[in-house]
Asks: 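My questions will all concern the structure given below.
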Number of protein chains: 2
Amino acid sequence: MGTRPTVRPNLVEVAKASGVSRSTVSRVINNDPNVKAATRERVLAAIRSLNYQPNIAARGLASGRTHVLGLVIPQGVSALFSDPYFPILIQGISGACNRLDYSVMLWLAEPEFERRMIRQVLHGGLIDGVIVSSMVLDDPIIQALVEHKKPFVLVGRHPHHTDVNFVDTDNVGGARDAVAHLMRLGRQRVATITGPLNMIPGADRRDGYLAAFNERGLVSNPDLIIEGDFTEAGGYLAMQRLLPHRPDAVFVASDVMAIGALRALQQANRRVPEDVALIGFDDIPAAARAQPPLTSVRQPIQQLGDTAVQVLLDQINNPDQGPQRVLFPPTLMIRTSCGHLMRRTTLPGPHRGGGI
Amino acid sequence: MGTRPTVRPNLVEVAKASGVSRSTVSRVINNDPNVKAATRERVLAAIRSLNYQPNIAARGLASGRTHVLGLVIPQGVSALFSDPYFPILIQGISGACNRLDYSVMLWLAEPEFERRMIRQVLHGGLIDGVIVSSMVLDDPIIQALVEHKKPFVLVGRHPHHTDVNFVDTDNVGGARDAVAHLMRLGRQRVATITGPLNMIPGADRRDGYLAAFNERGLVSNPDLIIEGDFTEAGGYLAMQRLLPHRPDAVFVASDVMAIGALRALQQANRRVPEDVALIGFDDIPAAARAQPPLTSVRQPIQQLGDTAVQVLLDQINNPDQGPQRVLFPPTLMIRTSCGHLMRRTTLPGPHRGGGI
DNA sequence: ATTCTATTTGGGAGCGCTCCCAAAGTCTCC
DNA sequence: GGAGACTTTGGGAGCGCTCCCAAATAGAAT
């Protein structure tokens with residue numbers, strides 16, 4: 001400690017220390033098979049003893065490959081606080097990058113800096129590929145990535161760009177299954193609190209709700225569809241607006257909103273699940289801890305992030321293959337809030353009022 | 001659209017387009033004052049028309065400055081999901097970086113990849129400085145940063161490294177004020193659920209609790225101090241262990257734990273605040289929405305991130321100045337859960353039991 | 001041993017930028 | 001009008017790496 005210089009060694013010094021040329025060291029660190037085993041060992045020993053780490057900037061300059069991925073999270077800032085979705089996603093992405101020897105650059109795109117961000121992603125030369133977790137339809141970054149042929153993968157499908165890489169949860173299917181479950185339990189007035197319908201998961205989950213009706217030849221009641229905003233407060237307000245229409249079940253498009261809805265129900269003295277059954281979406285940790293524990297559609301968020309990295313690297317390494325599309329099936333986690341099969345006698349009458 | 005080449009223009013092309021030399025263009029993009037105004041205009045026009053963006057890798061190689069900051073979040077992964085602290089901190093850091101024309105590389109340090117991460121941060125040559133949001137005492141990254149003289153700033157003070165840059169909330173003071181408030185309201189048996197005591201904010205907030213006793217010449221009761229783990233479940237369990245010791249107030253070292261504690265109290269039919277007053281820490285959004293709304297010590301998390309960036313850039317630009325230490329005073333957000341001044345008649349008896 | 005091929009290694013060139021020093025241009029003042 | 005000082009510009013060198021081609025070496029076949 002202390003005698004070793006704190007300056008970074010470079011290729012040439014490693015080469016000198018192991019008695020080979022620059023090129024050979026380069027081959028070793030890039031796993032080129034054309035190196036004799038003995039030579040490779042010698043070089044690796046020198047690398048270890050000098051604590052050598054290739055300079056990413058130089059490597060990026062020379063090869064155009066930096067082993068850095070960009071993660072772009074557009075959309076309003078607010079959701080990032082309130083919903084554990086993004087932290088878990090970031091976790092999944094970061095874990096995969098650690099494992100695969102990549103690094104992550106993070107852009108939380110604020111609209112006012114979006115143009116600069118796009119320029120930097122596309123032209124900065126520092127990024128091998130981009131993971132975009134956009135949920136809004138008209139995101140300029142996607143168009144820019146397509147035009148500049150930058151490798152990228154979407155987390156969450158995009159209806160206008162179907163021929164690009166994406167990984168997603170089957171939001172439509174998950175919502176449909178949840179609503180079908182409520183119907184199977186005998187609920188007659190199944191409502192939904194949607195996400196913002198200009199966000200793709202918002203629209204998809206709404207479509208799943210509608211699909212459950214269509215499949216049974218039923219028509220949905222527009223009064224029972226309220227648009228929320230994926231926040232707790234939004235779920236609370238939406239539930240309040242829904243109450244006069246006497247739903248006996250609500251499919252809420254996110255757990256965070258469902259928790260808000262639950263609060264509104266309790267305030268109105270409606271029992272869950274006896275008076276109103278509730279199913280959320282995402283299965284965040286708080287869902288299981290709610291009172292009553294919240295039935296929820298679980299999506300494998302961390303796996304989404306992990307897979308996004310794999311798809312992106314695959315695309316970077318084989319640019320000529322077609323786009324990959326991965327859709328994970330969600331799982332309905334049945335807890336208390338959706339209730340059991342209703343016996344005829346407990347079917348709600350036209351208007352029961354609430355209360356203990 | 002379409003005719004413009006998708007390849008990135010470089011300095012030489014900008015130089016050619018504006019009829020000056022490479023060097024002059026370089027001066028313009030680096031805001032060197034030694035450029036005639038007319039020339040500068042001409043170059044800027046060319047930059048705009050070519051949509052030029054300096055190559056970060058090349059710039060980093062040549063100058064050793066990349067305009068990239070590293071953000072290292074060590075510690076177990078779990079806290080990242082459950083607590084909005086980190087998302088908000090990241091938000092603050094990212095916002096400041098956007099404003100100041102920097103980018104962020106994110107490392108969620110998993111222990112198994114920590115050595116590689118450190119090597120990359122220190123020797124990768126891609127990072128101008130590092131923001132470390134460590135909360136554990138024996139973090140190897142901090143030692144490594146000190147030894148290699150890499151500019152860095154801690155978010156959260158570190159008791160062993162007092163001569164380094166840091167920004168922090170005054171955790172001791174915030175906790176002391178919260179406990180003093182409970183005492184002033186007439187509570188007799190003020191307990192605390194601490195964070196993990198090997199985490200710095202955990203220890204600091206415990207110390208603040210103790211300080212409130214010391215300042216009044218009181219001694220604290222060890223039975224009323226339970227170590228938690230900053231999770232909801234941990235707060236729930238800690239509260240259960242605390243109940244037999246009949247606290248009439250609890251200072252909980254984080255809101256997430258406080259929400260768990262609240263759940264335990266309600267399950268045990270203890271009224272909040274009548275039987276047990278509660279104060280949390282952090283003032284996360286969920287605190288205000290709890291039932292009853294949770295009194296909490298607010299720390300300016302986003303500002304912490306923002307300031308960390310400023311301090312770090314300051315340090316990068318003036319490496320010879322001494323370390324900066326910034327301590328933000330927290331604010332006690334008084335809501336329902338801590339109750340009002342107790343009249344003598346409502347002082348709790350030895351054991352009242354709970355219940356509606 | 002000799003030729004031919006396959007494997008392994010070495011060194012030049014260049015990625016796009018900054019830094020430095022020297023050259024050219026401009027202004028001032030006696 | 002020319003010396004001196006200051007401002008502005010240009011071009012060489014080099015950051016640490018990869019890529020490519022050529023050279024050296026080893027191995028196989030005759």
Side-chain angles (χ1 to χ4, degrees), chain A residues 5 7-44 46-47 50-68 119-120 122-128 316-317, chain B residues 5 7-44 46-47 50-68 119-120 122-128:
Chain A
V7 294
R8 292 199 248 97
N10 61 18
L11 258 194
V12 178
E13 291 170 49
V14 175
K16 220 169 282 173
S18 45
V20 298
S21 75
R22 232 165 67 250
S23 307
T24 302
V25 178
S26 174
R27 286 188 193 96
V28 169
I29 59 184
N30 289 294
N31 284 318
D32 187 316
N34 296 331
V35 181
K36 210 172 13 174
T39 314
R40 160 166 288 129
E41 278 316 314
R42 212 145 30 94
V43 173
L44 284 175
I47 287 176
L50 292 174
N51 205 13
Y52 168 76
Q53 166 81 10
N55 181 307
I56 302 177
R59 177 182 270 185
L61 230 204
S63 71
R65 299 277 304 271
T66 56
H67 272 223
V68 175
R119 274 223 327 269
Q120 228 163 246
L122 294 176
H123 308 291
L126 198 51
I127 280 197
D128 288 347
I316 290 170
N317 294 325
Chain B
V7 295
R8 293 198 247 97
N10 61 18
L11 259 194
V12 177
E13 293 171 48
V14 176
K16 220 169 284 174
S18 45
V20 298
S21 75
R22 232 165 68 251
S23 307
T24 301
V25 179
S26 174
R27 286 189 193 95
V28 169
I29 60 184
N30 289 294
N31 284 317
D32 186 317
N34 295 332
V35 181
K36 206 170 19 172
T39 314
R40 175 184 307 269
E41 276 317 314
R42 212 143 31 95
V43 172
L44 284 175
I47 286 176
L50 291 174
N51 206 13
Y52 168 77
Q53 166 82 10
N55 180 308
I56 302 178
R59 176 181 272 186
L61 231 204
S63 71
R65 299 278 303 272
T66 57
H67 273 222
V68 175
R119 273 225 325 272
Q120 224 160 253
L122 293 177
H123 307 292
L126 198 51
I127 282 198
D128 287 347

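Each chain gets a letter, A, B and so on, in the order its sequence line appears, and its residues count up from 1.
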Asks: Testing the basics here: between B:T39 and B:V20, what is the closest heavy-atom pair and its distance to 0.1 Å?
Replies: CG2-CG1, 3.8 Å
Asks: Rounded to the Å, how far apart are B:Q53 CD and C:dC15 C1'?
Replies: 17 Å
Asks: In this structure, how many angstroms lie between the C1' atom of D:dT18 and the CD1 atom of A:I56, rounded?
Replies: 15 Å
Asks: Could you check how far CZ of B:R27 sits from P of D:dG10, rounded to whole Å?
Replies: 8 Å
Asks: Assign A:N55 to base, sugar-phosphate, or nothing according to its heavy-atom contacts below 4.0 angstrom with the strands shown.
Replies: sugar-phosphate
Asks: Look at the side-chain N and O atoms of B:T39 and state whether any lies under 4.0 Å from the OP1 or OP2 oxygen of D:dT8.
Replies: no
Asks: Which atoms form the tightest heavy-atom contact between B:A57 and A:G125, and what is the distance?
Replies: CB-O, 4.2 Å
Asks: Which atom names give the shortest non-hydrogen contact between A:R40 and A:D32, and what distance separates them?
Replies: NH2-O, 2.8 Å
Asks: Among C:dG16, D:dT18, C:dT8, which is the nearest nucleotide to the side chain of B:N10?
Replies: C:dG16
Asks: What is the distance from CG of A:L50 to P of D:dG16, rounded to the nearest Å?
Replies: 14 Å
Asks: Just by distance, no angles: are the side chains of A:R65 and A:N317 close enough, under 3.5 Å, to form a donor-acceptor pair?
Replies: yes
Asks: Once you round it to whole Å, what is the distance between P of C:dC21 and CG of B:N34?
Replies: 15 Å
Asks: Go through D:dC19, C:dG10, D:dC17 for me and flag the one nearest to the A:T24 side chain.
Replies: C:dG10
Asks: Atom CG of A:L126 to atom P of D:dG16: distance rounded to whole Å?
Replies: 17 Å
Asks: Of the candidate nucleotides D:dC17, C:dT9, C:dC20, which contains the atom at the shortest distance from the side chain of A:V35?
Replies: C:dT9
Asks: Looking for any heavy atom pair under 4.0 Å, which part of the strands does B:R65 touch: base, sugar-phosphate only, or nothing?
Replies: nothing
Asks: With DNA chain D as reference, determine whether B:G19 or B:S63 sits nearer its 5' end, using the nearest nucleotide of each.
Replies: B:G19
Asks: Distance check needed: D:dT9 C1' versus B:R22 CZ, whole Å only.
Replies: 12 Å
Asks: Consider the side chain of A:K36, meaning its heavy atoms from C-beta on, and name the nucleotide among D:dC17, C:dT18, C:dT9 that approaches it most closely.
Replies: C:dT9
Asks: Separation of A:L11 atom CG from D:dC15 atom P, in whole Å?
Replies: 13 Å
Asks: Name the closest nucleotide to the A:I29 side chain, picking from D:dG16, D:dG14, D:dT18.
Replies: D:dT18
Asks: Under 4.0 Å: is that the gap between some side-chain N or O of B:S21 and OP1 or OP2 of D:dG11?
Replies: no
Asks: How long is the span from the CG atom in B:L61 to the CG atom in A:N55, to the nearest 0.5 Å?
Replies: 5.5 Å
Asks: How close do B:L126 and A:V68 get, counting heavy atoms only, and between which atoms?
Replies: CD2-CG2, 4.0 Å
Asks: From C-beta outward on B:S23, which listed nucleotide comes closest to its side chain: C:dG11, D:dT18, D:dG12?
Replies: D:dG12
Asks: Over all strands shown, is B:V12 touching base, sugar-phosphate only, or nothing at heavy-atom distances under 4.0 angstrom?
Replies: nothing
Asks: Nearest to the side chain of B:L61, which nucleotide is it out of D:dT9, D:dC15, C:dC19?
Replies: D:dC15
